[in-house]
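Data first, discussion second: the structure below is written as structure tokens.
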There are 2 protein chains.
Amino acid sequence: MGNMTIKDIAKKCGVGVSTVSRAMNNHPDINPETKEKILQTIAESNYVPNNSARNLKRTDAKAIAVLVKGIGNTFFNDLVSGLERECQRMNYSCILQHVEEQEDELDIALHITKEKKPRGLVFLGGSFSHPREKMEQLEIPYVLSTIRAADMEEKYAAVSVDDFKESYKMTEYLINLGHERIAILTAPKEDKSIGKLRLLGYRKALQDYGIPYSEELVSYMNAEEDRYSFRSGYKLTKQLLQDTEFTALYATSDTMAIGACRALKEAGISVPAQCSVAGFDGMDTGEFYIPSITTIRQPVEKIAKATADLLFDMIKGKEKPHQLVFEGELLKRESTVPPVKRKF
Amino acid sequence: MGNMTIKDIAKKCGVGVSTVSRAMNNHPDINPETKEKILQTIAESNYVPNNSARNLKRTDAKAIAVLVKGIGNTFFNDLVSGLERECQRMNYSCILQHVEEQEDELDIALHITKEKKPRGLVFLGGSFSHPREKMEQLEIPYVLSTIRAADMEEKYAAVSVDDFKESYKMTEYLINLGHERIAILTAPKEDKSIGKLRLLGYRKALQDYGIPYSEELVSYMNAEEDRYSFRSGYKLTKQLLQDTEFTALYATSDTMAIGACRALKEAGISVPAQCSVAGFDGMDTGEFYIPSITTIRQPVEKIAKATADLLFDMIKGKEKPHQLVFEGELLKRESTVPPVKRKF
DNA sequence: TTGTATGCGTTATCAA
DNA sequence: TTGATAACGCATACAA
């Protein structure tokens with residue numbers, strides 16, 4: 001039987017449709033026996049309630065939407081998987097929507113909110129610098145995951161590591177290894193999000209250790225291109241090598257670090273012997289790479305779970321928006337060693 | 001204004017709701033001027049039609065569902081992105097659903113079909129060996145993407161490379177380099193899908209070139225684990241190294257190839273000097289890896305687009321299910337060289 | 001070319 | 001504890 005409806009079930013059980021609805025939705029005011037019988041019948045009939053009808057009636061959909069900006073960074077894939085799993089656990093649908101680099105994630109969010117009526121939103125990636133008034137048009141709960149704007153409104157819900165601190169940690173580690181000329185691959189100049197924070201962490205560490213900050217060691221991604229990708233890491237390093245010298249290179253993502261390694265290799269520079277390379281994120285690929293990539297591991301599973309939990313709690317009204325910060329872990333691996341002293 | 005409906009627009013324009021509906025849905029029987037005016041008003045009011053109501057009325061949702069089995073293989077991510085993009089182009093929603101290794105993708109498909117009423121389905125990954133009768137319960141069009149069962153029903157729609165042929169190509173290439181002891185990392189023994197086909201291609205090539213097939217060179221993935229992942233490549237190679245010797249290793253995915261490289265490295269075997277390594281898929285990560293990984297490039301974008309096109313055509317009734325085969329490309333890269341003659 | 005009225009499958013309100 | 005019935009927002013058959 002192709003298209004059973006709630007009516008068919010009702011008829012089959014000799015009850016009214018509202019009783020069937022109650023049975024399905026765990027309403028309290030129903031006779032346990034009736035309920036049992038109805039659920040039984042439903043199971044046997046392999047009837048599945050029509051989602052659209054439910055959502056129409058409910059005026060919202062039992063779903064959350066996840067907006068992902070930037071696909072070159074495979075880091076998000078793990079997060080998305082985690083979020084999707086949490087949704088399944090909560091019996092929510094997960095609407096996935098990619099946002100192109102040049103698109104405005106907030107516009108898309110606004111649109112999807114009206115169209116699909118999800119109960120909540122997760123923003124992944126992108127630099128999040130929207131005017132407050134525009135953000136307020138978003139009338140449903142949302143969580144920024146692994147995003148944190150430099151000047152972020154405190155009232156936004158967000159889950160992430162402390163990018164400034166973690167980046168400081170990494171830079172400090174490189175400095176303590178003895179590096180002084182540390183190049184960095186970072187987000188476009190305009191970035192106000194994690195890219196900026198990581199750059200600031202880098203600068204602060206240099207400053208604290210009395211190492212002059214030099215613009216020529218900073219390579220900014222191209223705003224139009226896919227950010228944090230293998231290719232951008234490769235290209236930025238190529239450019240860098242033409243202009244300057246350094247004993248360590250800090251790429252602000254693992255994928256970029258691997259791209260960087262190839263550029264170094266093509267320039268005849270061996271990693272880590274002649275140049276140390278560090279990444280950020282802690283992805284599998286960096287663990288298996290040779291040399292394995294020193295990195296800051298973000299606790300992806302925890303972040304995914306916390307993001308989902310926070311969002312669901314906000315949807316239930318059990319929580320107000322607030323910010324959760326997880327500790328990153330500095331993974332010292334093969335790609336970083338003390339510098340060979342060279343003269344410049 | 002938070003919740004505009006079609007009525008509000010109708011009122012605003014001084015027309016009936018059906019006229020508004022016609023304007024939105026490109027119906028022919030409408031005065032171009034009226035239509036223009038209505039669309040104008042809609043744009044100004046930032047009204048977005050309620051999807052659930054539409055879908056309810058239509059009895060199906062303007063959506064396709066994509067079922068992805070196996071998340072360790074990042075190859076699928078690119079495919080999913082491509083599919084999602086095509087959906088956006090066609091103004092379809094894309095429902096993404098991950099399927100765990102031990103779950104039955106067909107059961108999930110059957111369920112989602114009833115619940116969300118998508119107009120079509122895409123299956124990614126998984127070995128597809130379901131009884132014909134059960135498949136026939138699926139009453140909407142579906143396409144198997146980058147899957148092909150060894151004994152697949154001809155009437156299934158499928159888009160992929162010819163895994164047998166491509167695998168043959170790769171093995172032949174390794175043989176022509178001079179390798180005779182070629183280990184292979186392959187799907188679990190029970191697999192009846194691309195894993196089996198790739199293994200068969202390998203066997204056939206060996207046979208054609210008079211090289212004896214040896215079970216000890218075949219390392220089967222664990223059925224419970226995440227397939228085609230870095231980790232499985234790593235583990236399988238570790239095991240292999242304990243049991244036997246070989247001059248080339250053919251991993252049936254790029255991710256596994258990279259995992260294998262690490263296991264070889266830990267065993268003190270350098271790639272490619274002492275052991276060649278080849279992959280399959282043609283992912284970015286293999287291009288940037290050092291040494292870059294020889295592989296069979298699957299034309300992901302083309303496959304994604306063809307999958308979507310075929311599915312949409314089937315939905316429109318313009319096409320019957322059929323199978324599309326794309327040519328893979330053997331990318332000869334740094335990870336494979338002629339063998340150093342050793343004695344065994 | 002247009003408007004009115006009906007129904008899609010649910011959930012929620014109300015009266016029984 | 002139940003059942004009839006009215007929405008939910010839209011698309012469409014039918015009448016105008």
Side-chain angles (χ1 to χ4, degrees), chain A residues 1-39 41-42 45-63 91 93 113-119, chain B residues 1-39 41-42 45-63 91 93 111-119:
Chain A
M1 175 92 171
N3 281 325
M4 299 269 275
T5 76
I6 196 171
K7 279 185 189 167
D8 299 312
I9 299 295
K11 210 168 293 170
K12 223 170 183 171
C13 297
V15 300
V17 287
S18 38
T19 310
V20 178
S21 178
R22 275 189 277 264
M24 291 192 297
N25 296 294
N26 286 329
H27 270 87
D29 46 354
I30 182 172
N31 185 321
E33 288 171 29
T34 330
K35 178 171 178 178
E36 184 54 40
K37 184 180 148 203
I38 292 174
L39 292 180
T41 315
I42 289 180
S45 322
N46 76 345
Y47 153 76
V48 181
N50 179 318
N51 225 263
S52 296
R54 289 190 130 159
N55 292 340
L56 174 58
K57 186 57 199 178
R58 284 187 179 132
T59 71
D60 67 2
K62 195 171 179 189
N91 253 297
S93 294
T113 300
K114 299 199 169 172
E115 187 190 44
K116 309 233 170 108
K117 305 239 191 301
R119 295 194 186 160
Chain B
M1 173 94 170
N3 282 326
M4 298 269 274
T5 76
I6 197 172
K7 277 186 189 167
D8 299 314
I9 299 296
K11 207 169 295 170
K12 223 170 184 170
C13 296
V15 299
V17 286
S18 45
T19 310
V20 178
S21 177
R22 276 189 276 265
M24 290 192 295
N25 296 293
N26 284 329
H27 274 246
D29 46 352
I30 183 173
N31 185 322
E33 287 171 28
T34 331
K35 178 171 177 178
E36 184 53 41
K37 182 180 152 203
I38 294 174
L39 292 180
T41 314
I42 289 179
S45 322
N46 76 344
Y47 153 75
V48 180
N50 179 318
N51 225 261
S52 297
R54 288 189 130 159
N55 294 338
L56 174 57
K57 185 58 198 179
R58 287 183 178 135
T59 70
D60 66 3
K62 194 171 178 187
N91 254 297
S93 294
H111 188 271
I112 210 171
T113 299
K114 299 197 169 177
E115 187 190 45
K116 309 229 171 111
K117 305 244 192 298
R119 295 193 187 161

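To find a chain, count down the sequence lines: A is the first, B the second, and so on, and within it residues start at 1.
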Query - Earlier contact from the 5' end, DNA chain D, for A:V17 and B:V48 - result: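 With B:V48 and A:V17 compared, the 5'-side residue is A:V17.
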
Query raised in the report: Between A:R58 and B:S21, which has a closest nucleotide on DNA chain D that is more 5'?
Result: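 Closer to the 5' end of DNA chain D: A:R58.
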
Report task. Using the closest heavy atom to pick a nucleotide of DNA chain C for each, name whichever of B:A53 or B:K35 lands nearer the 5' end. Result ->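 First, find each residue's nearest nucleotide; the 5'-ward one identifies B:K35.
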
Report task. Tell me which of B:K117 and B:V15 sits closer to the 5' end of DNA chain C, going by the nucleotide each one is nearest to. Result ->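 Counting from the 5' end, the first nearest nucleotide belongs to B:V15.
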
Query raised in the report: Side-chain contact, heavy-atom cut-off 4.5 Å: A:L56 with B:K57?
Result: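 A side-chain contact under 4.5 Å is absent here.
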
Query raised in the report: Are side-chain heavy atoms of B:M4 and B:N46 found at a separation under 4.5 Å?
Result: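 They are not in contact (no side-chain heavy atoms under 4.5 Å apart), so the answer is no.
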
When you measure from the side-chain N and O atoms of [X] to the phosphate of [N], is any distance below 4.0 Å, counting only OP1 and OP2?
X	N	answer
B:S18	D:dA11	no
A:T19	D:dG3	yes
B:R54	D:dG9	no
B:S52	D:dG9	no
B:N25	D:dA11	yes
B:H27	D:dT12	yes

By nearest atom, which of the nucleotides [options] is closest to the [X] side chain?
X	options	answer
B:D29	C:dA12, C:dT2, D:dT2	C:dT2
A:R22	D:dC10, C:dT2, C:dT13	C:dT13
A:N31	D:dT1, C:dA12, D:dC10	D:dT1

Query - Sugar-phosphate, base or nothing in reach of B:L56, heavy atoms under 4.0 Å - result: base

Spacing between [X] atom [atom1] and [N] atom [atom2], to the nearest angstrom:
X	N	atom1	atom2	answer
A:I38	C:dT10	CD1	P	14 Å
B:I6	D:dC8	CD1	P	15 Å
B:K11	C:dG3	NZ	P	14 Å
B:N51	D:dG9	CG	P	14 Å
B:M4	D:dC8	CE	C1'	17 Å
A:D60	D:dC8	CG	C1'	12 Å
B:K116	C:dG9	NZ	P	19 Å
B:D8	D:dC10	CG	P	9 Å

Report summary line: For B:S52 and A:N55, the nearest pair of non-hydrogen atoms, with its separation, is OG-CB, 3.1 Å

Query raised in the report: What heavy-atom pair brings B:Y47 and B:M24 nearest, and what distance separates the two atoms?
Result: CE2-SD, 3.7 Å

Query raised in the report: For B:C13, does its backbone N or O pair with a side-chain atom of B:K37 as donor and acceptor, under 3.5 Å?
Result: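 Side chain of B:K37 to backbone of B:C13, a donor-acceptor pair under 3.5 Å: yes, one is there.
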
**Report entry** Under-3.5 Å donor-acceptor pair between B:K57 side chain and C:dG7 base
**Finding:** yes

Query raised in the report: Would you say the side-chain atoms of B:K62 and B:N51 include a donor-acceptor pair closer than 3.5 Å?
Result: no

